[in-house]
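The structure appears right after this line, and notes come after that.
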Amino acid sequence: AGNTGTATQNPSADCNVIVDTIPPTATYCVMSNNPTNVNYATTGNVVTVTVTASEPVTVPSVQCRNGVGALMTYTVTSGTAGSTSFTASRTVTGADAQGTVACTV
């Protein structure tokens with residue numbers, strides 16, 4: 001914007017760029033707050049997905065499919081950008097289909 005300056009060709013330590021071509025990996029565990037069995041959820045139970053990334057990442061999108069393949073979006077409730085650990089949750093409703101929940105992160 002009309003400002004003058006002096007160009008320099010001597011990079012400092014703060015100007016180095018590291019290229020990382022290996023994508024991070026993520027593992028997750030799905031559990032419910034059902035006091036009888038955390039592997040089963042019924043209406044009103046909260047299903048929690050705990051995500052662990054291999055390196056700091058942005059806040060992930062957590063989506064799961066129910067027993068008939070309907071997509072359910074989970075809300076990330078803990079973890080911030082630059083973290084490796086996140087938690088997402090969703091409350092089971094009477095409209096949810098029975099079956100195993102399969103997630104993608």
Side-chain angles (χ1 to χ4, degrees):
N3 298 330
T4 59
T6 304
T8 181
Q9 299 298 319
N10 299 324
S12 69
D14 295 333
C15 292
N16 292 329
V17 174
I18 298 172
V19 177
D20 180 358
T21 60
I22 301 170
T25 58
T27 57
Y28 66 89
C29 178
V30 181
M31 295 188 331
S32 79
N33 69 341
N34 183 328
T36 307
N37 187 336
V38 296
N39 294 315
Y40 292 91
T42 188
T43 301
N45 287 149
V46 176
V47 175
T48 301
V49 180
T50 303
V51 179
T52 303
S54 61
E55 63 185 65
V57 296
T58 59
V59 177
S61 169
V62 179
Q63 296 182 326
C64 301
R65 293 197 180 272
N66 64 17
V68 295
L71 189 63
M72 302 174 293
T73 299
Y74 283 62
T75 302
V76 175
T77 55
S78 72
T80 58
S83 297
T84 58
S85 182
F86 302 88
T87 302
S89 62
R90 180 178 178 280
T91 302
V92 176
T93 70
D96 289 332
Q98 288 190 174
T100 301
V101 173
C103 299
T104 57
V105 177

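Start at 1 with the first residue, then count along the sequence.
With V49 as the partner, the side-chain contact (heavy atoms from CB on, under 4.5 Å) test is satisfied by one option alone out of P60, C103, S89: C103.
Counting heavy atoms from C-beta outward, D20 and E55 have side chains that approach closer than 4.5 Å. Between V47 and V101 there is no side-chain heavy-atom pair separated by less than 4.5 Å.
Summarising the geometry, atom OH belonging to Y28 is positioned 14.5 Å from atom OG1 belonging to T48; distances are rounded to the nearest 0.5 Å. Here M31 contributes atom CE and T87 contributes atom OG1; the two are 9.5 Å apart, rounded to the nearest 0.5 Å.
Between V59 and A81, the shortest heavy-atom contact is CG2-N, 3.5 Å. Residues G82 and P56 come closest through the heavy atom pair O-CB, 3.1 Å. The minimum heavy-atom distance between A26 and V105, with the atom names listed, is CB-CG1, 4.4 Å. Across all their heavy atoms, A97 and V68 have their closest contact at CB-CG2, 3.6 Å.
With sequence neighbours excluded, the residues forming a side-chain hydrogen bond (donor to acceptor under 3.5 Å, both in side chains) with D96 are R90, listed by chain and number.
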side-chain contact (heavy atoms from CB on, under 4.5 Å) between V57 and F86: does it pass, once the steps are laid out?
-> CA-CA 10 Å; V57 296; F86 302 88; 3.6 Å; yes
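In the hydrophobic clustering of ILVMFWY residues, with side-chain heavy atoms under 4.5 Å counting as a link, V38 and V62 come out apart.
For I22, the CD1 atom counts as loosely surrounded, since its 6.0 Å shell holds 12 or fewer non-hydrogen atoms of other residues, nucleotides or ligands.
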